[in-house]
Amino acid sequence: MNFDDDTSTSDFVESVMDIVAAIPAGRAMTYGEVAAALGSRGARAVGLIMSRYGTDLPWWRVVRAGGHLPLGHETRALEQYWAEGMPLTRTSSGYRVDMKRAHFDP
DNA sequence: AAGTTGACTTTCG
DNA sequence: TCGAAAGCCAACT
């Protein structure tokens, strides 16, 4: 067996990808939760990885604290939520994920 | 090699 | 209730 490993991707990146890919449809987690699951507080690092490696991941299932959508990608995520059936809540500023029902707690 | 940036979080005003 | 600033971590230039 020879899996040629991806020395290009760090273990941190692989862990993030594994967690995000493990989030089922209709569920969501916060960047802080994902970072905390790795033992790091780099919530921003998780988002940065999403921008580079999240291209093949359901990044829309990862939201900011409180269920707010990732800035600059709110509309992009909303499109996916409607398609996945994600519970959404309507706010004065726009939409947000209903963490009361969508929070994924492994 | 060093500095800046970024799909964040939390606290103070 | 809303707005702004500082703090943390990893990647990119």
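Residue numbers start from 1 in every chain, and the chains themselves are labelled A, B, ... in the order their sequence lines are given, proteins ahead of strands.
A continuous path of Ile, Leu, Val, Met, Phe, Trp and Tyr side chains, each step under 4.5 Å between heavy atoms, connects A:M50 with A:Y81, placing both in one hydrophobic cluster. Hydrophobic cluster membership differs between A:M17 and A:L48, with clusters built from Ile, Leu, Val, Met, Phe, Trp and Tyr side chains linked at under 4.5 angstrom.
Of the candidates C:dC12, B:dA7, C:dA10, C:dA10 carries the atom nearest the A:S40 side chain, counting heavy atoms from C-beta on. Closest to the side chain of A:R52, from the set C:dC9, C:dA11, C:dC2, is C:dA11. Listed nucleotides C:dA10, C:dC8, B:dT9 differ in distance to A:R64; the shortest reach to its side chain belongs to B:dT9.
Map A:A65 and A:R44 each onto its nearest nucleotide of DNA chain B; the residue landing nearer the 5' end is A:R44. Between A:S92 and A:A43, the one whose closest nucleotide on DNA chain C sits nearer the 5' end is A:S92.
Heavy-atom contacts from other residues, nucleotides or ligands closer than 6.0 Å to CZ of A:R41 number 12 or fewer.
If you take NE2 of A:H73 and C1' of B:dA7, they are 5 Å apart, rounded to a whole angstrom. In this structure, the CG atom of A:L71 is 10 Å from the P atom of B:dT9, given to the nearest Å. Rounded to an integer number of Å, the gap from A:W59 CH2 to B:dG6 C1' is 15 Å.
Across all strands shown, C:dC9 pairs with B:dG6; the Watson-Crick or G-U wobble distances both stay below 3.5 Å.
The two residues A:I23 and A:A28 have their closest heavy-atom pair at CG2-N, 4.2 Å.
Residue contacts shown for A:L48 include a base, since a base heavy atom lies under 4.0 Å away.
Using a 4.0 Å cut-off, some side-chain N or O of A:S10 falls inside it from OP1 or OP2 of C:dA11.
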